[in-house]
Amino acid sequence: MNADVPGLQPSSFSVAITGSGGSGAVTAGLILLEAAAKTGLYGLMMRSYGPQIRGGESASLLRFGDAPLACMSDTFDLLLGLDWRNAGRFAQEIPLDASSIILTDPAVGAVPESFSASGANVCELALTECAATVEGGRLNMVAVGAAAGLRGIPQETMDAAARSILADKGAAVIEAATACVALGYKLAPAPDVPAPGSTANPLVRWNISGNEACGLGALRGGVRFVAAYPITPASDILEWLAPRLEGLGGSLVQAEDELASINMIVGASYGGVPALTATSGPGLSLMQEGLGLAVASETPVVVINVTRGGPSTGIPTKSEQSDLNIALFGMHGDAPHLVFAPLDVRDCVFTTQWAVRLAEHLQTAAIVLSDQSLGQARAVTDPPVAFEQPFGRVTEMSPADDYRRYAQTVDGVSPMTVPGVSCGMYTADGLEHDERGMPSSLAADHYRQLEKRRHKIDAFDFGPQWAEIRGGGDLCLVCWGSVSGAVFEAADRMSNDGVSLRVIALRLLAPLRRAALRQALAGVKQVWVVEQNQSGQLCHYLRSHDLLPVAPRLLAKPGPIPLRPAEIVKAVIEQT
Amino acid sequence: MVVAAIKAKDYKSGVKPIWCPGCGHFAILAAITRALAYLELQKEQVSLISGIGCSSRLPAYVDSYGFHGLHGRALPLATGLKVARPDLTVLVAGGDGDGFSIGGNHFLHACRRNIDMTYIAMDNRVYGMTKGQASPTTAPDWSHSKMTPHGTGVRRFQPAAIALAAGATFIARGYSGDPKGLTRMLVDAITHPGFSFLHVLSPCLTFRPDQRSWKGEVHAFAAETSDEPVAAAQQIHADDGMGLGIVYAEHLPVWPPRQEPTATLATLEKEFLV
């Protein structure tokens, strides 16, 4: 197993659970994740589904360890096959090798070739028979009990997790579930690993998804108006926010389309309320004109883009990092704005909050590039740090008679009035304008406002959070977003093998911190850009700014399969 | 402290409109300022939201808050503003192209929501700003546009009928050549709780000089204001599109309903604790 290589990387264990619709593969995964969390382990869980609206095959992909996890491992140690109907579609996402175990009941059918070809060991258990002995008993709970037993998770912890996850289903379901879990423990071979840490220590951990984390970051940042249009895989953010915003005295409006969403948040923000929406690639395409209006009128807005396979309708349920170009360059005209990308699930909280505060302060549009593999992953993680908010909207509450909304200032940020403030009236405009906001086609006004809108962003001190930089040495890997987890893990492995290298994982993509990036790259003789798209969007962006000391090597792999640490290591080592 | 009464002319920003001499929009601007003065609304409490087109230039000519937004997107912008700031009086102004072509979808849903705002659609049956193309309210056989040299061949969009079907709770038609009637309708529209649709016929003498004939064609709606959709529908469909008056007004729940805060962020965050 890849679990126990000492000192190298998080000691981790990976479990996949597959089954047809109704087999409970996802529920079993959620329970196992919760139980592992209660023992003090960190965890990461992703899900995969067939295309049916309901009742399609599904897979839970889990990883546990004693250090924070930000990517799936190269192979899975354990595969629970609840049944094998259409399971072949998940084979590419569940790589196995000869050290893996496939736990299954022969009664549900033979292990498909796509899994058995790996040489994994098949462990046959009478799961169906056991489940049948319990009234309302289900095979998935027997299987997950066996898996938990194998890993030495205390049975009472599994019971507590089952009670928590199945709370809505009623006492009878919980009883049947825990009875099946107990049978699973009896079936499992004795654990060959030390039991995870005791729950006696009050470790504070969170169980949160990337989409929930973005929603929380928005609320922490002060967002109290959200416009929502459903789109996979961003709807979760909006659905999480809807009741919680209301609870805080804010509002969520379901819009008729993304064109309405972006314009609604411009309107709410103009009224003084920090506003946000969330979408995916196709929606971001629609929102470009509205984003440009926010930039030109200097009205703060935030759009979270949970990216998915592109182009066009693409692959809605799978992850890809192919929206960097449109996030950077989607607006017509010269429209400086902000683009952020959280590095992992937990980082979605901070990055979204930061984006909201900066959009408010710099009076511009901010795009947050999350992706499906972050948004719909659930992580057991340390609580996100509280971020003190030193900056926010610069307002003018007592304007002088000659108030000018777009007056030139030293830092380029003009104090803004909001409706209700007397003597502060102005008409915001997408048209180019003079300092009072009056439409103008004069060169002097255009140059002045263009320069102001660029300067306010370029001159701002964004601080150290623009990137996460680790290590040193003359080999450098550059990445952003969800790929960062696999890059960091690959870098740890190579470092342990004696390769001297550093990683720059960018959190702030626009503006590019050119001086800081040059400094971070000082001494580097080889650069790899690693990203999950076909065309190497980050690589081209960095090259266009002439920031890389040498011509970079590119590891660009489009979705839907995630980049794994081993393939990053392989690419770098083989070409070094 | 007694606030001095604001006169209509005080609502004018003093910026010279870009409109052509004889444009109907001048009279609509004047009527809006008179309605605001009549209602004694403080300037800072009024927000005028528009899209793109000749009509949409109006906010800059009024001394209030305003947003000259995107073509067809005034209604969602105004919706976001009003939901976030229910204390404000929100007026939306735009033309027939802005409102019924690119803005058509937003028009339907704004009517449906019954949000408390007033939408003034200034209809001159042409795209004036872009120099004379047919609009959705142009007759199918109007052949004076280079873009549709044989006429569009497409039947006219019916703003009042669609507003009613879409759920607007106040539907009226005014005419820039009837400033008194228009001002009264504006006052009623603004005070109506819910979505008020005020369709204003406003001739474009530059690209539709034929609209000089409107003066002799407008007339009052045959019946009194109805609060019954079927009767109002019959009125509207029987009308030739030149009928003036408030054809429909009904009180239905205004959207959105208000909620009081019940939680804090700290209590919310507890849901993630393992």
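Computed from a predicted structure; not experimentally measured. Chain identifiers are assigned alphabetically (A, B, ...) following the order of the sequence lines, protein sequences preceding nucleic acid strands; residue numbering begins at 1 within each chain.
When heavy atoms are compared at a cutoff of 4.5 Å, Leu431(A) approaches chain B solely by way of its side chain, counted from C-beta outward. Neither the backbone nor the side chain of Ala78(B) comes within less than 4.5 Å of any heavy atom in chain A. Of the atoms belonging to Val273(A), it is side-chain heavy atoms, and not backbone ones, that fall under 4.5 Å from chain B. Residue Pro383(A) does not touch chain B at all, counting heavy-atom pairs closer than 4.5 Å. Contacts of Ile265(A) with chain B are absent, with no heavy-atom separation under 4.5 Å from either backbone or side chain. Heavy atoms closer than 4.5 Å to chain B are found in the side chain of Ser251(A), but not in its backbone. Of the atoms belonging to Ser269(A), not a single heavy atom falls under 4.5 Å from chain B. Residue Tyr426(A) touches chain B through both its backbone and its side chain, counting heavy-atom pairs closer than 4.5 Å. Interface remark: Glu269(B) contributes backbone and side-chain atoms alike to the contact with chain A (heavy atom separation under 4.5 Å). Neither the backbone nor the side chain of Ser164(A) has a heavy atom closer than 4.5 Å to any heavy atom of chain B.
The pair Arg205(A)-Asp382(A) counts as a salt bridge, with a side-chain nitrogen and a carboxylate oxygen less than 4.0 angstrom apart.
Per-residue heavy-atom pair counts under 4.5 Å with chain A were compared for Glu44(B), Arg258(B), Arg113(B), Glu260(B), and the maximum is reached by Glu44(B). Taking chain A as the reference chain and counting heavy-atom pairs below 4.5 Å, the highest number among His106(B), Lys43(B), His71(B), Gln259(B) is found for His106(B). Heavy-atom pairs under 4.5 Å with chain B peak, among Ile262(A), Thr417(A), Leu245(A), at Thr417(A). Per-residue counts of heavy-atom pairs under 4.5 Å with chain B were compared for Ala37(A), Gly271(A), Gly250(A), Gly272(A); the largest is that of Gly271(A). Counting heavy-atom pairs closer than 4.5 Å to chain B, the top residue among Pro439(A), Ser422(A), Ala296(A), Ala161(A) is Ser422(A). Interface check for chain A: of the options Pro76(B), Ala263(B), Ser50(B), the most heavy-atom pairs under 4.5 Å are formed by Pro76(B). Annotation: maximal heavy-atom pairing with chain A below 4.5 Å, among Val15(B), Leu273(B), Leu70(B), Thr262(B), occurs at Leu70(B). Counting heavy-atom pairs closer than 4.5 Å to chain B, the top residue among Pro419(A), Gly430(A), Gly437(A) is Pro419(A). Among Val421(A), Val266(A), Val253(A), the residue with the largest count of heavy-atom pairs under 4.5 Å with chain B is Val421(A). The candidate with the highest count of non-hydrogen atom pairs below 4.5 Å against chain B, out of Ala275(A), Gly424(A), Ser297(A), Ala227(A), is Gly424(A). For the options Val46(B), Leu81(B), Thr264(B), heavy-atom pairs under 4.5 Å to chain A are most numerous at Leu81(B). Chain A forms more heavy-atom pairs under 4.5 Å with one residue of Arg112(B), Arg85(B), Lys82(B) than with any other, namely Arg85(B).
Residues Val83(B) and Trp255(B) have side chains in contact (heavy-atom distance under 4.5 Å, counting atoms from C-beta outward). Put simply, the side chain of Phe107(B) reaches to within 4.5 Å of the side chain of Phe157(B), judged on heavy atoms. Within the 4.5 Å cutoff, side-chain heavy atoms of Met287(A) are placed close to those of Ser261(A).
Between the side chain of Arg244(A) and the backbone N or O of Trp240(A) there is at least one donor-acceptor pair closer than 3.5 Å. When atom types are taken as modelled, the side chain of Arg224(A) and the backbone of Leu219(A) share a donor-acceptor pair closer than 3.5 angstrom.
Between the side chains of Ser47(B) and Tyr270(A), no donor N or O sits under 3.5 Å from an acceptor N or O. Residues Asn124(B) and Ser202(B) have side chains that never bring a donor and an acceptor to within less than 3.5 angstrom of each other. Looking at His199(B) and Asp123(B), their side chains do bring a donor and an acceptor atom within 3.5 Å of each other. A donor atom on one side chain and an acceptor atom on the other are not found under 3.5 Å apart for Ser13(B) and Asp63(B). Judged by distance alone, the side chains of Ser176(B) and His25(B) never bring a donor and an acceptor atom under 3.5 Å apart.
Between Thr169(B) and the options His192(B), His251(B), Glu250(B), a side chain to side chain donor-acceptor pair (under 3.5 Å) holds for only His192(B).
Once rounded to the nearest 0.5 Å, the distance linking OG1 of Thr427(A) with NE2 of His68(B) reads 9.5 Å.
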